[in-house]
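Step one of this worksheet: look at the structure below.
Note on naming: letters A, B, ... go to the chains in the order of the sequence lines (proteins, then strands), and numbering restarts at 1 for each one. Predicted model, so just to flag it, every value in this text is computed and none were measured.
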Amino acid sequence: MSGPSTDVDSPAPTARPGYGQHDPIYPEPFDDSLDHADIPIETRLELYRKQQEIRQLEQRLYDLFVQNLVKGTSHLALGMEASGAAFGVALNSDDYSFATYRGHGHTIARGVPPEPIIAEMLGRSTGLLGGKGGSMHLTSVEHGMMGSYAIIGAHLCIANGAAWSAKLRDSGQVAVAFFGDGATNIGAFHEAVNYAAVYELPTIFVCENNLYMEYTSIGQVTPVANPAADRASAYGIPSTTVDGNDADAVYLLAREAIEHARSGGGPSIIETKTYRHGGHSRADPGTYRPDDELEAWMAHDPIPMYHQRLLRIGVGERELTEIETSVAAAIDAATEAAKSAPPPDADALWTNVWADGGWQWRN
Amino acid sequence: MSGPSTDVDSPAPTARPGYGQHDPIYPEPFDDSLDHADIPIETRLELYRKQQEIRQLEQRLYDLFVQNLVKGTSHLALGMEASGAAFGVALNSDDYSFATYRGHGHTIARGVPPEPIIAEMLGRSTGLLGGKGGSMHLTSVEHGMMGSYAIIGAHLCIANGAAWSAKLRDSGQVAVAFFGDGATNIGAFHEAVNYAAVYELPTIFVCENNLYMEYTSIGQVTPVANPAADRASAYGIPSTTVDGNDADAVYLLAREAIEHARSGGGPSIIETKTYRHGGHSRADPGTYRPDDELEAWMAHDPIPMYHQRLLRIGVGERELTEIETSVAAAIDAATEAAKSAPPPDADALWTNVWADGGWQWRN
Amino acid sequence: MAQLTYREAVSRGIAQEMRRDPSVVFLGEDVAGAGGVFKTTTGLLDEFGPVRVVDTPISEQAILGAAMGAAMTGIRPIAEIMFSDFFAVCWDMVVNEIAKARYMTDGQVDCPLVIRTGNGGSVRFGAQHSQSVENWAMAVPGIKVVAPATAHDVVGLMAAAVRDPDPVLFFEHKALYATKEDVADGEILEELGRARVRREGSDCTIVALALMVPRALEAAEQLASEGIDCTVIDLRSLIPLDTTTILDSVQTTSRLFTVEENPQACGWGAEVASIVANEAFWDLDGPVVRITTPHLPLPASDVLEDLAIPSAERIADTIRKALD
Amino acid sequence: MAQLTYREAVSRGIAQEMRRDPSVVFLGEDVAGAGGVFKTTTGLLDEFGPVRVVDTPISEQAILGAAMGAAMTGIRPIAEIMFSDFFAVCWDMVVNEIAKARYMTDGQVDCPLVIRTGNGGSVRFGAQHSQSVENWAMAVPGIKVVAPATAHDVVGLMAAAVRDPDPVLFFEHKALYATKEDVADGEILEELGRARVRREGSDCTIVALALMVPRALEAAEQLASEGIDCTVIDLRSLIPLDTTTILDSVQTTSRLFTVEENPQACGWGAEVASIVANEAFWDLDGPVVRITTPHLPLPASDVLEDLAIPSAERIADTIRKALD
Ligand SMILES: Cc1ncc(C[n+]2csc(CCOP(=O)(O)OP(=O)(O)O)c2C)c(N)n1
Ligand SMILES: Cc1ncc(C[n+]2csc(CCOP(=O)(O)OP(=O)(O)O)c2C)c(N)n1
Ligand SMILES: [Mg+2]
Ligand SMILES: [Mg+2]
């Protein structure tokens, strides 16, 4: 490796399109061969149910925005349900999840009931965080949902801490950090993945690559094609890319990465290729996306595709309808309960700054 | 790339030695074939002179410490002279250098005279920074030496700015950032290299890998063998490793990387393999380094090796002695002048916070 | 003279300076193609093109590093940090590099750059997207700190910031973006370090900043109807700090109130209060009172956030009681 | 009872807690094998082994993230940030994550961790390695801020910090590491949020912190010989802030001086001064005076640095003139 070699150890960057322009990126076709994957049917029904829960929760939240009942901002995962659902099914109940502001789906996927989630969005006293956290900070420690983090990158480092703790306590738990494509360009990504690799922590880094930061295509500001997976070699850890709209595909990788981490094999990166149906946040119509790209991805919707797969492998339409309607009923009931809950008490402002429950910083 | 492939796109981490232990790393043998490299003899004499300047300056600074004339800390580059010298020769006079706290050599290599450098170390009014900056912040804008930065990582980002500016002004200048192996694990490294790659900036990232952070071997906390070069693929840019104690080897790469950057080819990474003869800073005896490792690297000293090369290719001993003694005379004279300069005036405390020369922040 | 929103004033101010000086460039996340997440920079890409108006990766350290290195070498960058809370991921660039470069190099390095950012709350974004961190900036020697309260001042202070030879942090208030006022046509240029007396009254001096200015004015109106006549000073910049205007006013009114959106401890009002308690002690007729967001993180719910951040009512109440 | 240096007190304090509680772990750069760059943690690796005492990469965000995630899940980490200036590269972890987690989650998340750091100047390290940034920390709701002045307090406050269920930033002063005092054998535990009156006097109250405590005491000795009798309060922690002790003292002495090493604007003394100027206004007999490092970056040269940071002479001079 020494000597004045003029070899280029890595490829020169390929030309990228100019500012504000980008080539559309289309989904790979759904992989029907996974119909025969080694996944029990009950697991698949669970994957379907969780995808339905996320979809219907997000749609409901969207409706509530339109009714102007949600204050502040909000970031939906419509179209991106498969990976949250897959990990929700693949994780043990005491494993740890860390999500971003786009974390409603990751929260419900860990078994958190919809009512406190919706109530939090509406800023009610019965909200998951008593109204203090809001849309971007959903957390349910009792469900292993260790928080939603709204500043890009930080939670990758924090997930390492939970993974380290599991190792110190020899508990066999793993930690999963979900993040976006845009997050791969921030320093904390580098520090976190490197750190996990150095200590062989049971951290699984799941990049949900929906092709865009807020309004800028990731390809415009990233010199490699797979912003997370193509960087794993910089840390000597395994990585894979996957159709992020195929719950089975993600589930298989999740199972494997979790097993790898749990058995002491260390961290890995999974990059899911996916797309959001709507804009970045409530205010964004998403017009920066080429029409045909959007169209292609709308047709590559994880939920109808999975529905079709289940029919192909012999699940009855009736059983699926039952799942859909039972989820709908739960979301309806949760919405009503949340809507009728009172706003937080004024006293709530002053609680839980400190472990003693209070806020006093002087005597 | 999509589908539930279970392939591991990148190698699993290799086992690393335990805490506080590490395998010694020995230098590759000096590459005598470079005797015949395409480098003019005057350039080589210049490379020798600059290595001598750095060596003798650092030795002098060491002596001044021992005499307790240097307050504060200081980080010497004894044993690491070749790369600073090589870039000092390869850069145009209007190109930009950005260094770390271990930047005395990079400063003198850009043509900054020794007197203000030594005076700064002694905290005198005639110091390069009037006594305000000290050992860790040597800067001479008129020589293109844009600063020494003491917080790991930042200057890689700042060097990009100078490179961007050169591009905006179409000036043909390039920017070089020198940094250590340890710096490759901080977030700013990732952001900087990625950013340079995205905008194809004329930034050259030179990692002087001396195998250690302060007292910890880099291999203990880094999952790849070449902490800078092995990460270039994460940014799609070229990288090379090189014997950092062979000024010709570094010079050839420097010339190439500078030409690549200057002609619009974008950034690249050069990782030099080197070693410091002493500890990390003045207080450090460097005892964490295996004896035989230290011994091997002391024998792989850039200056006697280069001296031998010059003799082999026909330079006379007398000419080399002349260089050595003229450098010594300059350093002696500079030392005397610096020693007899007065300390800063009390007024200096209050100058140059703002561009108006003053410090007022209120009326 | 036409109505201009505070939001529109941002791009007008930047465009004014980019037209005047070709060395001014602008960079940030989603600022070019999309015109910024608050739509403050719409139109700049079209007018000035992609070389001068740059969309960046999510790399705040790299953004500020690029700005600093460019400023050191003849360019005048304006960088956006989308939310001021995100200064925390690039604080090193601000406090250790940009702020100190000139002093450490005894004047060799110039850093003429502007970092603009969306600051402040009352927008229900929760604890990580609502902070008022102008006091973080004020605590750091070597940077100037500006926080306009009106559309006119956005344009005029932006111009002053861009022309200033030193680094300026420019705090735009998110909750003010939709406010508007009549703004003169043509070039506007204000001066850094001059407070503006927005209302004159003899009973007390209220010093406020950014969103707290309209709230203080509203409180003053309320109090005026009760016979309490307040001076309201809009600080406009924290560094340089126009203490002369404050001290002069306190000499007349003998009472000082500060209205701060930052959480209490070490807020800018503490600095102002301590200066007055030292230099105008003998002018004072009663305690110096600070009205601040309590020292706690900001809650997301509208009900709770409105309790946390000083309202016109709370300002009026506090002053009424104190002057009773 | 034996002489202990402030430096040795650090490892004694950590070791005391690691022995007591097996969930306490310690991580940082060069802290294990090398015992820390200030040799404050020598011996810990030997006693507690590499699982509990961890050398990390140069990755401050990853270090604090690891500490936070571990603290959230049953571990009690002590993390080192080598120089407090480096908080700037991981400030997000401190201010946006660690400080806010409990409040944002309405109490679900615990963050019992300690971040210890070498703070302050008078060591000729220049502008990027000499800052006193305890006021940065004080400005952030949700973290406790401790800064001991003596070896005994290092041990006792470290113990209190480790046992505290909330995150604590622990500022050790670099220029105090070599100081020593007699320290009792056996377990030492102090309480956070209690100032200590180091000297009682009736003519004025001096409030100081860390390195400024011995300097204030030296100034008080000097003044005593001239007939000016000062109370010197060692704050010991900024959050919680023991205002009771300050206000009680001012009631007696009627004059307040603060001695701060941080640069002036928005220093902790501003907060203390503003509290006193409000709540003890009628007790005061004269202006509240702050003695601070001027609002500028710190110079490297010993001559200049000594002019910048408050000395016993400057403290005494200022008080002498003010009380004249
Ligand atoms: C440090 C930081 N910088 C910028 C932002 C503003 N921001 C919020 S979401 C976002 C885009 C993130 O893109 P990506 O990581 O791809 O996630 P996605 O929203 O697509 O799920 C940005 C820039 C932030 N929250 N934190
Ligand atoms: C952000 C930050 N963290 C830690 C340090 C303390 N520090 C100074 S030098 C150093 C080791 C750097 O090692 P390397 O990058 O290999 O450079 P070398 O000193 O070997 O030239 C460390 C940890 C620092 N200056 N900045
Ligand atoms: Mg995305
Ligand atoms: Mg090194």
TODO: Give, as side chain, backbone, both or neither, the part of Pro263(C) having an atom under 4.5 angstrom from any heavy atom of chain D.
DONE: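 Just its side chain gets close to chain D.
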
Task: Contact class of Asp285(C) relative to chain D, heavy atoms under 4.5 angstrom - done: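 Answer is backbone: N, CA, C or O of Asp285(C) sit under 4.5 Å from chain D.
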
I need the residue from [options] with the largest number of non-hydrogen atom pairs under 4.5 Å to chain D.
options	value
Cys266(C), Ser274(C), Cys90(C), Gly126(C)	Cys266(C)
Phe87(C), Trp282(C), Trp268(C)	Trp282(C)
Pro299(C), Gly267(C), Ala139(C)	Ala139(C)
Arg102(C), Glu97(C), Glu279(C)	Glu97(C)

Tell me, for [X] versus chain C, whether the close heavy atoms (under 4.5 Å) come from the side chain, the backbone, both or neither.
X	answer
Leu298(D)	backbone
Met104(D)	side chain
Leu241(D)	neither

Using a cut-off of under 4.5 Å on heavy-atom pairs, state which of [options] scores highest against chain C.
options	answer
Val140(D), Ile239(D), Val94(D)	Val140(D)
Ala99(D), Gly286(D), Ala300(D)	Gly286(D)
Ala127(D), Ala322(D), Gly142(D), Ala273(D)	Ala127(D)

Task: N/O donor-acceptor pair under 3.5 Å between Ser237(D) side chain and Leu192(D) backbone - done: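 Checking the backbone N and O of Leu192(D) against the side chain of Ser237(D), no donor-acceptor pair under 3.5 Å is found.
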
- [ ] Return yes if some donor-acceptor pair links the side-chain N/O of Ser301(C) with the main-chain N/O of Leu304(C) below 3.5 Å, else return no.
- [x]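 Such a contact is found between Ser301(C) side chain and Leu304(C) backbone.
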
Task: Distance, nearest 0.5 Å, that separates CD of Glu60(D) from CD1 of Ile81(D) - done: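 One finds 5.0 Å between CD of Glu60(D) and CD1 of Ile81(D).
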
TODO: Name the orientation class of the two ring planes belonging to Trp136(C) and Trp91(C) (parallel below 30°, tilted from 30 to 60°, perpendicular beyond 60°).
DONE: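 Rings of Trp136(C) and Trp91(C): perpendicular, over 60°.
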
Task: Aromatic ring pairing Phe83(D)/Phe125(D), orientation class (parallel under 30°, perpendicular over 60°, tilted between) - done: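 The rings of Phe83(D) and Phe125(D) sit tilted, inter-plane angle from 30° to 60°.
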
Open item on the list: Can a side-chain donor-acceptor contact be found between Asn119(C) and Gln131(C) if the only test is distance below 3.5 angstrom?
Closed with: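 The answer is no; no qualifying pair exists.
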
- [ ] Kindly indicate, with the supporting measurements, whether the criterion salt bridge (charged side-chain N to carboxylate O under 4.0 Å, His left out) is fulfilled by Asp306(C) and Arg314(C).
- [x] CA-CA 11 Å; Asp306(C) 287 342; Arg314(C) 174 141 72 96; over 6 Å; no

- [ ] May I ask you to decide whether Lys144(C) forms a salt bridge with Asp166(C), counting only side-chain N to carboxylate O separations under 4.0 Å?
- [x]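 Salt bridge between Lys144(C) and Asp166(C), a charged N being under 4.0 Å from a carboxylate O: yes.
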
